[in-house]
There are 2 protein chains.
Amino acid sequence: MGNSKLYKGSLNTIILKLLDEEGKMYGYEITQKVKELSKGELNITEGALYPALHKLEAEGLLDVEVAKVDNRLRKYYKLTKQGEKETVNRLAELEDFIRSMQQLVNPDWSIQ
Amino acid sequence: MGNSKLYKGSLNTIILKLLDEEGKMYGYEITQKVKELSKGELNITEGALYPALHKLEAEGLLDVEVAKVDNRLRKYYKLTKQGEKETVNRLAELEDFIRSMQQLVNPDWSIQ
DNA sequence: CTAATATACATAAATTTCTTATGCATAAGA
DNA sequence: TCTTATGCATAAGAAATTTATGTATATTAG
């Protein structure tokens, strides 16, 4: 455990980025995907994820579609047109942020 | 402005890292240094910085030394022994975080 | 000479975001 | 049958940050 925390503000952008890549995903799937991609480093808690999804939907960035698989509910989310645009902006911001953090934390690193 | 925000949890580590590099710094100097190193991308607000410095001091990670320069007050902070140890840990954590974020946001990047 | 900007500290209120703790429900595996 | 996994949700609390102030001195521009 030790770490495994996200950092304020990064969750929404991660969600948008994943949806942009995968087309559509449901909540639980997002938590597993993030865990997998980060090799267990990042764990999105449900208490953070679901409110975030609801907020992105309320902002008009996501659309929902309910499905029943194996008698269990799934809510598939996908980007709206507006969501696609916002994803570009927020991703650029996050990339800038990451680059800045690197510059501060380890100027020896360089991104290829 | 648009961006210019830090991200939760990264501020303390940035402060520790800078003090580790520079030996000693005062608050205002830290805000300017971060702005410079990040090319204006990251702006530490005073409302975030000063409470953070006080907290790190209370935790025993920083020592303070007051100085008067040009008839103006400066509070120079430097790492304690314990602060030096903690810096190593927190920096490693932040580096892991940055790597994980990169993996998520842009797997094409690689760190050399 | 005076107003704005820069330097330098500080704190309080409000906001945002996240963790922790719950709750409900079905499926699969030990 | 008990635990773990899947799948959603919300409420309470904690933590970090922004925004808004406040005080004070020094410098620069008009």
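A, B, ... follow the sequence lines: proteins, then strands. Residue 1 opens every chain.
One finds no side-chain N or O of Arg72(A) lying less than 4.0 angstrom from the OP1 or OP2 phosphate oxygen of dA27(C). Taking 4.0 angstrom as the limit, Tyr26(B) places none of its side-chain polar atoms (N or O) nearer than this to OP1 or OP2 of dC9(C). Taking only side-chain nitrogens and oxygens, Lys55(B) comes nearer than 4.0 Å to OP1 or OP2 of dA16(D). Residue Lys68(A) places none of its side-chain N or O atoms closer than 4.0 Å to OP1 or OP2 of dG7(D). In this structure, Asn71(A) reaches the dA27(C) phosphate: one of its side-chain N or O atoms is under 4.0 Å from OP1 or OP2. Between Thr45(A) and dC18(C) there is no side-chain polar atom (N or O) within less than 4.0 angstrom of OP1 or OP2. Between Tyr50(B) and dA10(C) there is no side-chain N or O to OP1 or OP2 distance below 4.0 Å.
Note on Glu29(A): nothing from the nucleic acid sits closer than 4.0 angstrom, heavy atoms only. Looking at heavy-atom distances under 4.0 Å, Gly47(B) makes contact with a base.
Between Gln82(A) and Gly60(A), the shortest heavy-atom contact is OE1-O, 3.6 Å.
In this structure, CG on Leu61(B) lies 11.0 Å from CD1 on Ile15(B), to the nearest 0.5 angstrom. In this structure, the separation between CG on Leu11(A) and CG on Leu16(A) is 9.5 Å, given to the nearest 0.5 Å. Remark: Leu79(A) CG to Glu21(A) CD distance equals 11.0 Å, nearest 0.5 Å.
Listed nucleotides dA27(C), dT11(C), dA9(D) differ in distance to His54(B); the shortest reach to its side chain belongs to dT11(C). Closest contact between the side chain of Arg74(A) and the listed nucleotides dA10(C), dC8(D), dT18(D) involves dC8(D).
As rounded to whole Å, 8 Å separates atom P of dT10(D) from atom NZ of Lys75(A). In this entry the distance linking CG of Leu49(A) with C1' of dT20(C) reads 16 Å, nearest Å. When rounded to the nearest whole Å, the span between CD of Glu46(B) and P of dA6(C) equals 13 Å. For Leu42(A) and dC18(C), the CG to P distance is 12 Å, given to the nearest whole Å. Note: CE (Met25(A)) to C1' (dG7(D)) measures 14 Å, nearest angstrom. As rounded to whole Å, 17 Å separates atom P of dA5(D) from atom CG of Asp70(A). Taking atom CG of residue Leu73(B) and atom P of nucleotide dA6(C), one finds them 21 Å apart after rounding to whole Å. Between the CZ atom of Arg90(B) and the P atom of dA16(D) there is a distance of 9 Å, rounded to whole Å.
Ranked by how close their nearest DNA chain C nucleotide is to the 5' end, Tyr76(B) and Ala52(A) are led by Tyr76(B). Along DNA chain C, the nucleotide nearest to Gln32(B) and the one nearest to Ala48(B) differ in position, and the one closer to the 5' end is contacted by Gln32(B).
Across all strands shown, dA30(C) forms a Watson-Crick or G-U wobble pair with dT1(D), both key distances being under 3.5 Å.
With a 4.5 Å cut-off on side-chain heavy atoms, Ile30(B) and Leu53(B) count as touching.
Partners of Lys35(A) by side-chain contact (heavy atoms from CB on, under 4.5 Å), not counting sequence neighbours, listed by chain and number: Gln32(A), Asn43(A).
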